[in-house]
Structures are given as structure tokens and as C-alpha cells.
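Quick caveat: nothing in here was measured; it's all calculated off a predicted structure. Values reported hereafter were calculated over all heavy atoms of this structure, with side chains retained and with hydrogens, waters and symmetry mates removed.
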Amino acid sequence: MSFAAYRMMHWPTGIENCDSAFITHSRADFVPAVTSHSDDLDSDWHPRRDIGPVPNLVVTAGNVLEVYVVRVLEEGGRESRSSGEVRRGGIMDGVSGASLELVCHYRLHGNVESMAILSSRGGDGSKKRDSIILVFQEAKISVLEFDDSIHSLRTSSMHCFEGPQWLHLKRGRESFARGPVVKVDPQGRCGGVLVYGLQMIILKASQAGSGLVVDDEACGNTGAISARVESSYLINLRDLDVKHVKDFVFVHGYIEPVMVILHEQELTWAGRVSWKHHTCMISALSISTTLKQHPLIWSANNLPHDAYKLLAVPSPIGGVLVISANSIHYNSQSASCMLALNNYAVSADSSQDMPRSNFNVELDAANATWLVNDVALLSTKTGELLLLALVYDGRVVQRLDLSKSKASVLASGIASIGNSLFFLGSRLGDSLLVQFSCGVGSSGLASNLKDEGGDIEVDAHTAKRMRRSSSDALQDMVGGDELSLYGSAANNTESAQKNFSFAVRDSLINIGPLKDFSYGLRINADPNATGIAKQSNYELVCCSGHGKNGALCILRQSIRPEMITEVELPGCKGIWTVYHKNTRGSIADSSRMVPDDDEYHAYLIISLEARTMVLETGDLLTEVTETVDYFVHGRTIAAGNLFGRRRVIQVYESGARILDGSFMTQDLNLVVNGNESGNASEGCTVLSASISDPYVLLTMTDGSIRLLVGDSSSCSVSVSAPAAFGSSKKCVSSCTLYHDKGVEPWLRMTSTDAWLSTGVGETIDGTDGSLQDQGDIYCVACYDNGDLEIFDVPNFISVFYVDKFVSGKSHLVDHQISDLQKPSEVDQNSQELISHGRNESSQNMKVIEVAMQRWSGQHSRPFLFGILTDGTILCYHAYLFENTDSGSKIDDSVSIDNSVSSSNMSSSRLRNLRFLRVPLDIQGRDDMPNGTLSRRLSIFKNISGYQGLFLCGSRPAWFMVFRERLRVHPQLCDGPIVAFTVLHNVNCNHGLIYVTSQGVLKICQLPSTSNYDNYWPVQKVPLKGTPHQVTYFHEKNLYPVIISAPVQKPLNQVLSSMVDQDVGHVENHNLSADELQQTYSVEEFEIRILEPEKSGGPWQTRATIAMHSSENALTIRVVTLLNATTKENETLLAVGTAYVQGEDVAARGRVLLFSVGKDADNSQTLVSEVYSKELKGAISALASLQGHLLIASGPKIILHKWTGAELNGIAFYDVPPLYVVSLNIVKNFILLGDIHKSIYFLSWKEQGAQLSLLAKDFGSLDCYATEFLIDGSTLSLTVSDDQKNIQIFYYAPKSTESWKGQKLLSRAEFHVGAHVTKFLRLQMLSTSSDKACSTVSDKTNRFALLFGTLDGSIGCIAPLDELTFRRLQSLQKKLGDAVPHVGGLNPRSFRQFHSNGKVHRRGPDSIVDCELLCHYEMLPLEEQLEIAHQIGTTRSQILSNLNDLSLGTSFL
């Protein structure tokens, strides 16, 4: 393996930074943020606290940046009235629910070190918006703002203080304890970034009415102005005699920005703390950005040495809170006070008269936010929420009150969102959106409250909870202590009277940190599967979370539906299910009586090659083909319901039928019409059909378009040929109908500015009165030349037109706005392309299928999909952009007469409609030849409560819509799928039917245990403890897991366990009797053997093995040992442990062997200990090597043979100087990773019974994980380290630079940007291009490494052959410039090896970055062809390489 590709498969989910800001809207237009643009809320009478403007939520996880809008559902609002379901968390303050909806999602080329919001410092009526400041490693700062016209973030300024010209800032240092930190003045006048420990960068915000902002207002008066940074300069804190900065913050209530810095004058250390303990101080600097001066205005010293965080107190109080591990201090210019949190707090002069809190708590690693201006919410390291109230008089704080609240998730950050919500971001568990209410008796659940009870919400999100079924929500409300949290109102002061109650409103799932994972078979695996389908037999079982958020995450990249029944059905071309209600007369209103969602389907229509079958979907599926009036003597093109489900329409090749149940009411012959119109082509038949009540759009084989118009009073249809298509020279390649549902259809808002006057439901040209509440219908048509047009139906007035839709531009704008500039330019371009003599051009690309859909949801916007001839899928999301003034940025160049003509038209045009291209995480492309499938996209509105669309074809996939984002989940288990439809009846509740290409019809349901709102479907099994390692016992399908949980123990027990066996007497260290009775928290370890439940329910614990006290289980493996006496292989469970007893006791460990069996009736799992042995040193890694057991114990590795009764050492090697983190074995080769001394490569020789060192890496590397990488006959060694890099080494004894083979040579190096904790070697799958060159046998023995990281991401390193690598590498170099990168980050510098100041010799650059390569498919087609031409290859060749790579590594 000389070359490899790095590919991300699951992006980070552990949230590190979160904040709230007005990014996509300003404070002034907050009504649209709370209700919809068009909701007539009677908001004047609500007797409650007003919610106020709700800002956006901005979160970062690793290198992922996401902006959410918070949708608050008012009780009695239209949405909550119509949905009729009880939302999660009950009703509080007149709000029945709140949810997060994604605005934009970016994968950056750099990890966000710190984030802050530059506020636009306006009042509630302000039109200005905030900006996001992101800070990246070393000293890079990017300021991003939201641009409405492109509906995405745009970089407004970049500031870089690294590189050769800024080297002097480091003052000779290479490594720094922490990355850069950014904080911003609360009024938005400036920001500060601390880099290199002591350099403060001041970012000066542009004042309103100066600099950039004015130009912006002049050119595009869209009203949306974001805060910007005007300039930046440096302050060297060393000149101010500040030495060791711990934190800094800007405080409230000063005319100029004031920065308070927490710093340590002289350092202390653990051995000196009893003498020197108050070493910190704070200094307040007044920052004058114009004079660039920063005088010291006040300071306070004698703060404890473990102070680490500052919290600025909001106006009117002002000042700053200093948080340390054992106390909280308040300081301002005029007053100060403190609160001791536990017995370790000491005052500066050791006098004991400190005010103490009435319970003990440790506040190291706390996070905080302000709920109201005098109450802060703190989250501790154990996940408890505390309320800190400031008791003040005027501006003088008299004392601090701390009270316990509820327990919650272990948070990495808290952000208040507006005045009634906060967000708990977490790296260790799911992040929660919580609503809080402040006041006396605000919650009706006050009666059964304990002082502090269960968690706010645990991680156990079953899909039931996600679907919020009403019974479930009721149970939630009964367990009142779970929902509302109170401060303990013991002190009768004013502030303690504030009661806070909380309700969890939404959660974002997180699967990180992945400490370990194993690869096992699913419960419903199919033993006969082959090829790609075989991959969906497997699942990844991961150890994730920590403490009470600990869980097993079961990840399956592909969906495997639960089958109810299957039937052989060869030659099927399409399936449809239709409704029919005989009880419904001709009264249209009766449709309101029964909820449409729960109506059962009546008939299943199956189209075969030459005939049609009809089945009744009652209790059983019974064929009724002979007894119904359906057209059954040929194949069906489409079927569906018309007239509010009162009639069924069936379209076949030569006509259409309208049926009432099983009786035909009308039969249309379409071929005759073709003759009459003079085409005289007898063979003109229907090619495809799109049904949208009451219209049916037909495309004929001769390219003409017909529209069947339904008349709802007589329930009959008539045929018309739209004039718009008849006249045009262009040939339509595909078209569809789009029904814009709802009382206030979404597209209507884009056509006029009248949507601001809400509640008026008039159609623009609605002649048909009965349609008024049904919304509007549009026809989306694509032409052979690649253009796209949207028509209003039935008048066929063009309302939207885009040139070259087929090229996949990033934004679609109506051509009247965009393209009237230089119409000739495009043609010249395409002429040039052809004249280049390319072997491929964009000319033959066509859209072969188009679909547009808006799924339910109050604020949902339509998606537009197009499938091109080469299998590319384009996906666009509509958005609204009001171009307020006519001389906007885009059409400056439009001539005057043009703008006149466009304004005549614009009454009905959707001129505010725009589309943004959405990247799809889709695996592989479809390689089916053209024309084998009629329709590949099937839209579903409710399958097990989910909505989205299903993609048929050779690589079927589910596109599910959550939070206005598409989640793509492949379905590999049945190979290609030719037809799909939904089915809802007695036996199959909201299920589905699909037909495989093998001719099997399957009726299925979606697995209910998985949560699909994630990059991969995930099922979480809560463990209530920290999982450390998991392994898979293949023969019994069991998962043994190491789990630890904290246990409170009396101090004397803990001390007695730390006695050295040899000395044997207890020293009580002068502790008094009552001190010995205090409890101390100790981690207790156990091994739990879990079995997946057959029905897919919760996993069962089959057995538990407890460890001794103060014994930590470090490793668990399933090993195969050769029994020396019976000469048979035995599969045993091996565990390595260590006793953790402090530094005075010599390290010991045990190796344990267990046999796992099941008793006769297979119900009980029997685990029996076969052998245990105590060894010197911790046993940190185990592996089986050719029937022997290799044990890493302390500073040596020993190979044991197994006699059936005991382990006997037969060989050893004193190799790891410190501690083995991982052992890998291939044949007789051993790869060993040491925590501090990099990797060692050994071999085992049977005849001399010796372990010998072949080579090692002489560098100092802190290993996290190691594994062998196999490519054909070459063996490479992969290692990940603490600086988030991956390196690949090889053994080359013949090479001179390897010092006669002693030294491992570097083959490749790469910066992943996350700590890789585990590699798994999996065989790559053969792809289509491999089969073509079957002579190369090397391809078969090719393995990739799947890896998991601490921030919840999963990726793989896959070997490449040289030709592919060179092609992709040159493409990567081109894309560095061709793609605009978010935040202006350079992908090349991000992926370079990070050595953190250690000496490192650059290795070869032999890994390509698929994170950058995937941008290629998002470029417009013309640019793709141009880039491919520049690097001397073709677009199809590049896409085929990328496709093979993603197919070869689709392991799950």
C-alpha cells in the first residue's frame, strides 16, 4: 500500500461549542421566528410571560458548523391545533413545544477551537444581525455572516496571526497548553482573541455609519446588515506584567469596552498548596480601540489558585464572577463577596469566617449561562444543574445563594436562547433544548416534587419518544419530578423565592466519544446474502458516552426493513396502493371527519409486463383482478386517487379509467385524440404520468404533454393539451406536478409581497372555489436542452424559469432576475467546450426524472429533485429572498425596456423564489442502463411516522426529512429495487411494499428501535455507566463490555485498600474519626455480557462478572487458544486488569480466562472462570497468536501457552518502555503501540520459541491506536497519535535509510482532526471496475481500515492503486482553488501533520482527502468538465473512481 484515500463516513456529533445569536433574522422580525410568516395568532390576550425574540442556535462539533432556527409552537397556534398531538414536555408559559430546524450545515477544513457571537448591539426593534466569530488552531480568525440572497453563510473578514511574519508572537515557544480563545464585548463594540498564551488580538467592530456597512446599504438595501469587524491589532500582555492568563471576559455597564483578565502571578503546585494557595488575581483593562490604549482601571488579588473561569454579570448589576473548584467569588469595581462550596475552600488569610453553601459540591469543569439577570445556571462535572442567585441592593451584591436543581446531561457548553430557552451542548451525551419558566408556582406539577429527583432526561431516546405518541407524553407529565426542577427555597430571601421549572423540548443525538467498537452480525442477518447486500448483515456496536450518559450505540449504515411477508412475483414493473371509501358520498366535507392519515388502503395495483393484477388490501391480500373494472390486459403506467380519495384513476398505455371502488365510472381513450390532432401516429402511447388531485399530467411517447382536468362536482375528467408545450420548439425530457398544500401555500409567498398581510387566502388565479383550501398546483418541466420551467396549473402560465438546470449550479434564480445580462455568453461557452474536441460534453445530459415536494410541517419549504442520465441526483431546497429594490446587485446590467417587460409579467411570477443546492451523502451512483425503470423517486408521507422519499434502482436509498434536512440512508439488503409503494392496513401499520429485481415482492415495516435523525441510523442502549471496551463473541452472538460506575465508599475502606501487601500496616495520616467516616467516590468495574434482543427491543444482560475492589478491567478480548493437552482449539474470553492503589503500592494485574456456554434449553448463558493469574504490572493488552496468548504486562510482553488448566510462559520480550495501548497480530507478526514511545514491529518464530524485534519507529509518538493495513501482498503499519494524526509506516530492511531494517519508514501521514481510538481492518468489496480487470489478483486481498474517534465521527483509510491516486491527487490540488471554502480555510494546511513542536521529518504526501474531493460533484457541470480536462482526464473517469471508493468501503 503505497497510496491511500481518507474518507469520512459519519461526521462528528459531539457538540463542543454552542451559542445563540440573531443570524438569519434580526430582533425586529421576531414574529416570523415564533409563529410562521403567515399565522394569525391572537397574541394579544395570552395571560403569560411573552416569549420575546428567539435567536438562532449555532453549534460546532469537531469541524462541523451548524446553524439552527428555534421554532416555538404557541399553544392555540394553528399548527398545534391541527396536529392534535401532545408535544414532548407538556405546556409551559403558553408554549406547547419547541424544536430545532436546520438552516445550514458546513464541514470546515479546520477544527473550531473557540466560537463567539459579535452582537449587533441593537434593542428589540433593531434590524441588524449578529455575526459568528470562529477561531482556528494557532491564530486564524474568520468572521461569518448570513447572506439572505444565497441563504448561506458568507465570510465577512479573515484575520491571520501565524506564519513567518508573526513568528515573534510565540516568543520561541512551540507548544501551547491550549488553543486560541475568543470573547466578545456584550455590546458588540470589540472582541478579543487570546493566542500563544500571552498575545491578545483586539478585533474592532465597525461602527454603524462608517466603513463597509454604508456601501452595503447603498448597493442592496435588503435591510439585513450584520455586525462586521473593521480592523484588528495586538496587545502584548507581557508588557502589562500579566504572566499566566487563565481566562478573560468583557464586562457589562461601562462606556468603553472593559476586559477583565484572570491570571496567576506566581505559579504554585500540589506540594506547595498548603502554603501558597491564593495566587490568582483579576485585572480590568479599559480598551480604547481608536487610541489603541488599554489602561488598568481596577484589579483584585488573593483569588484561589484553582480559579479558572470568569462570568460577566449582566446589567444592572455588572461586575464579574470568578469560579474556582471550591469557591465562587464576585468582584466589581466597588464590592466583592464569596461563597465556599465545600470543606476544601480556604480563605486568603486562613480565617474561617467564609459564607458557605448549605451543601457540598465541586465546581471544576463547570459551564454557566444566565437565565435572568441575577440567576445563573451552572452545570457541574457530574451533570447536575445548580442555580446561583445574586442577592443585591442597587448595584451592590450582598451575597451569593447556590441551590440544587435537577440532574441532566454532562454538558460541554450551555447557551441561553432568548428569555425562556436554553441549550445544553454535550460531547458525552445527547444535547438538549430546554424551556425554563421562572416565577412562583408556574408549573402545575408542583405537588409531587421532591427537592431534587431524577434526571431532566436520560439518553434513552427510543423511537417512540421521538415520535411523541400521546400516551407517552402523558406518562412524561405524570412523572412530574422528571420535568420540572426547583431551586430549594430554604432561605426566605427575595431571590430564593424564584422557582424555576424546566421542560425538555428537543434533543440532538450524539454517538461520541467512541472509545471502542466491534463489528458483529445483526439479529435479522441473511446468511445467503452475497456482494454488497451481504454488508447489511453487519452492525457496529460502539462504546460511547461517559458516566450516566454511557451507552452502547448500535450503528447500521444501511436500513434493513422488518419483513412481514414475501411473495414471488416475477416481471413486476410497478406497484401502487390506492384508497377508497364507500361511506363517503359526494359530500366533500366528510373528508374532515376521519383523519386522512389513518385511513387504510383499499387496493394494491401491480403492473406486470403484459397485464395488471389488482389485490384487495383487507385482512389478507386477496387477488380480485377478475371481479373489478380495472384495465387488466396490459401494464399500468400509474394509479392514484382523485377528488379527495372518492375516486381512483388508473393510467395505462392507451388511456385512463376513473373508478369508484371497483366500478368504472369513466373510461378515456387517449390514442384517438392523438389521431384527431393530426399526428396520425397510431403508436403514440402514454409514457409516464404524474397525479396530483384533481389533475393528471401525461407525457406521451411522441414527446407531447396532456393534462387531464378533473371536475370535482361530477367526478369526471376531461383531456386538454397545454398550449405552452404545443407551441414551444423544445422537447420535454421529464415533468411532474407539484401540489403546494395548505391554507397558505408556500410558493404563494414567493410570488407577491402581499404575504405580509397574512390570513388572506386568495389565490392569484384561483377560478375553482373548492380548491381554495387545497393550495395551488404547479407543473415542473425539464427540457432536452437542460432548462427547467415551472408553470401554474391549469392555466400554464410560466412562473419560474432556469437555464441549464442540468448543470447543477449552486443556486437557481428565476431567469428574469439573473440571466438577462449577457445571453450570448453562455452559448459561446458551450461552443468552446465542444470545439475543444472533448470526448464528453454537457450536451447529451438530460434530466430523466424530476420531483418536487413539500413535506408537512409548519415551516417546511419545498425540495426539488432531478435525476440525470448518468445517474447524478440533484437536490435543491427552496428558499425565499425578497429583492426589495429593483436595482439590486444582480440585475444592474438589465436594460430599461427589459425591466419594464418583466414588471408586466411579474404579477404572477414567483420572483422571490430561489433554490439552494443541497449536498447528498449518497453512496455510489446508480449504474442501471437508461429506461429500465419508469420512476425511481417515490414520495412517502408516513411510513412509521417518518416522511421523505425512496429512491429505487440498483442502489436504493431512503431520503428522510428531519428538521428540514435530508438524511440519506441506503438499503442494501435486497440488491436493486424496481418498485416501491406505501401500505397502511390492519396487519401492516404504516408500512411499505417493494419489489426486488429478483422478482420478490416484500411487505415490510421500518425497524422502530432505530433513530434515523443521524448520519447513520442509530439505536442507543443506555448502560448507566461508562463503557470502556467491547468485543464480539461470534459463536454465541454476545457482546462482552467493560463498564465502570462510581460508587460512594467510606474513606477508611478506601485507605485500607491502598495498603502495600508487603508492609501491611495502615497509616491513618492523622485523620480524625469523623473524617474517616466521610465517603469518597471510587470507580467500580464489571464485565457485562449483553445479548441483542431478537425483536430488536432493548438488549438483555445475560451475565455480569464483578472485579475486585480497586481493580480496573483494562482489556477484554475473545481469544482462540490451542489446548496443549487435548490438541483442540478453545474459544475463551480473556480479561486483563490492573489494581489501582495509588503511587505507594507496586502495580499488579490479573489475567482472567472465562468460558461462555449456554445450557440445554438455550435460555441461560453460563459464564465460568477457567483460570486466573496475578502478574506484576498492569495487563493492558491481550491477543491470541497462533493458539498462544500474548499478554502485555507492565514493561514486558510475554507469550503463554494454554494447557487447559494453566498458562505457562514460553517467550518474552522486554519491549514497551512504558505501557502498551494496543496489540495487533497478522500471521506471526506483532504490531505493538506504546503510550509514549511509538510503535514496535516484532515477529514470533515457533522453532526457536523466540519473539524478536524486527524494527521500530525511533520518534517519540503518543499512540492511541494501531493496526496493520494489507494491500495485496504489502503489509503496512498504521498508527494514530495524540495530535490527531494518522501515520502509515512500512518495514524495508533492504533500504539504506532504514538503518539495516531497524527503523520503520514513513509511507504516508495525514491530519485527521480527531483522536482516533480504534482501527478495524475490513476487506474491501469488489466494484464494477475491478471486475473488468479481473486479471489483477492483487485487488482481492485488499483491506481498508475503519476507524472511530472521540468526537463521534467514523471514517476509513482505504488503499488506492497508483494511477487512481495520481488522478485524484491532481484533482485535489485543483479543487483547493476551484471551490470556495467556508471561512476561508485552506484544506492543505489542515491536513498537514501536526507535530506540536516536536521534531518531525515530513513524510510523503500519499493520502488523498475525500472530504475535499466530494466537492467536485457539487460543482456546476461545465466546471467539472473543465477541471477534468485540465488534469488530463474525463469527468466520468473521476466519478467512477470516487464511486468505486465509496462502494468498496460501504461496510455496513
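Interatomic distance, CZ of Phe436 versus OG of Ser405, reported as 12.0 Å (0.5 Å rounding). For the atom pair Leu410 CG and Leu424 CG, the distance stands at 10.5 Å (nearest 0.5 Å). Here the CD1-CG distance, from Ile282 to Leu310, works out to 6.5 Å after rounding to the nearest 0.5 Å. Atom-to-atom distance recorded for Leu321:CG and Met338:CE is 12.5 Å, nearest 0.5 angstrom. Going from atom CG of Leu508 over to atom CG of Leu433 covers 8.0 Å, rounded to the nearest 0.5 Å. Residue Leu285 holds its CG atom at 9.5 Å from CZ of Phe250, rounded to the nearest 0.5 Å.
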Table please: side-chain donor-acceptor pairs of residues 287-299 below 3.5 Å, with sequence neighbours left out.
from	atom 1	to	atom 2	distance (Å)
Ser288	OG	Leu291	N	3.4
Trp298	NE1	Tyr254	OH	3.1

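Pairs engaging residues 192-206 under the salt bridge (charged side-chain N to carboxylate O under 4.0 Å, His left out) rule: Lys204-Glu230 [sequence neighbours left out]. Within the structure, every pair that satisfies the side-chain hydrogen bond (donor to acceptor under 3.5 Å, both in side chains) test and touches residues 166-175, not counting sequence neighbours, is listed here: Glu138-Lys170. Among residue pairs with one or both ends in residues 105-119, those qualifying as salt bridge (charged side-chain N to carboxylate O under 4.0 Å, His left out) are Arg107-Asp921; sequence neighbours excluded.
Checked by atom type, the side-chain pair Glu264/Thr279 shows a donor-acceptor distance below 3.5 Å. A donor-acceptor contact closer than 3.5 angstrom links the side chains of Ser416 and Thr369. Using modelled atom types and a 3.5 Å distance limit, the side chains of Asp130 and Ser120 yield a donor-acceptor pair. A donor-acceptor contact closer than 3.5 angstrom links the side chains of Ser232 and His159.
Scanning for side-chain hydrogen bond (donor to acceptor under 3.5 Å, both in side chains) contacts around Lys309 gives an empty result, with sequence neighbours left out. By the ring-ring contact (aromatic ring centres under 6.0 Å, His included) test, Tyr106 pairs with no residue at all, sequence neighbours left out. Considering only residues two or more places apart in sequence or on other chains, Tyr68 meets the side-chain hydrogen bond (donor to acceptor under 3.5 Å, both in side chains) condition with Glu66. Every side-chain hydrogen bond (donor to acceptor under 3.5 Å, both in side chains) that Ser283 has, sequence neighbours left out, goes to His263. Shown here are the salt bridge (Lys or Arg N to Asp or Glu O under 4.0 Å) partners of Asp247, two or more places apart in sequence or in another chain: Lys183. Taking Asp364 as the reference, Lys381 meet the salt bridge (Lys or Arg N to Asp or Glu O under 4.0 Å) condition, with sequence neighbours excluded. In terms of the salt bridge (Lys or Arg N to Asp or Glu O under 4.0 Å) criterion, Glu256 has no residue partners (sequence neighbours excluded). Annotation: side-chain hydrogen bond (donor to acceptor under 3.5 Å, both in side chains) contacts of Asn342 (sequence neighbours excluded): Asn326.
Looking only at side-chain heavy atoms (C-beta outward), Val193 and Met200 stay at 4.5 Å or farther from each other. Counting only heavy atoms from C-beta outward, the side chains of Leu65 and Leu144 approach each other to under 4.5 Å. Taking 4.5 Å as the limit, some side-chain heavy atom of Pro513 sits within range of a side-chain heavy atom of Leu428. Side-chain contact between Val195 and Ile141: absent, with no pair of heavy atoms (C-beta onward) separated by less than 4.5 Å. No side-chain heavy atom of Ser20 sits under 4.5 Å from any side-chain heavy atom of Ile117. Side-chain contact between Val70 and Leu100 is present, with at least one heavy-atom pair separated by less than 4.5 Å. Considering only heavy atoms from C-beta on, Val397 stays 4.5 Å or farther from Val391 through its side chain.
Between Leu311 and Ala376 the shortest heavy-atom distance is CD2-CB, 4.4 Å. Heavy atoms only, all atoms of each residue included: Ser426 and Val409 are closest at OG-CG2, 3.7 Å. When all heavy atoms of Val59 and Cys18 are compared, the closest pair comes out as CG1-CB, 3.9 Å.
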Derivation of the salt bridge (charged side-chain N to carboxylate O under 4.0 Å, His left out) call for Arg129 and Asp148: CA-CA 11 Å; Arg129 298 183 183 180; Asp148 280 330; 2.7 Å; yes

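Taking the six-membered ring for Trp and thresholds of 30 and 60 degrees, Tyr196 and Phe176 have ring planes inclined between 30 and 60 degrees apart.
When the shell of 6.0 Å around OH of Tyr344 is examined, it contains 12 or fewer heavy atoms from other residues, nucleotides or ligands. Dense packing is recorded around CD of Gln165, with more than 12 heavy atoms of other residues, nucleotides or ligands lying under 6.0 Å away.
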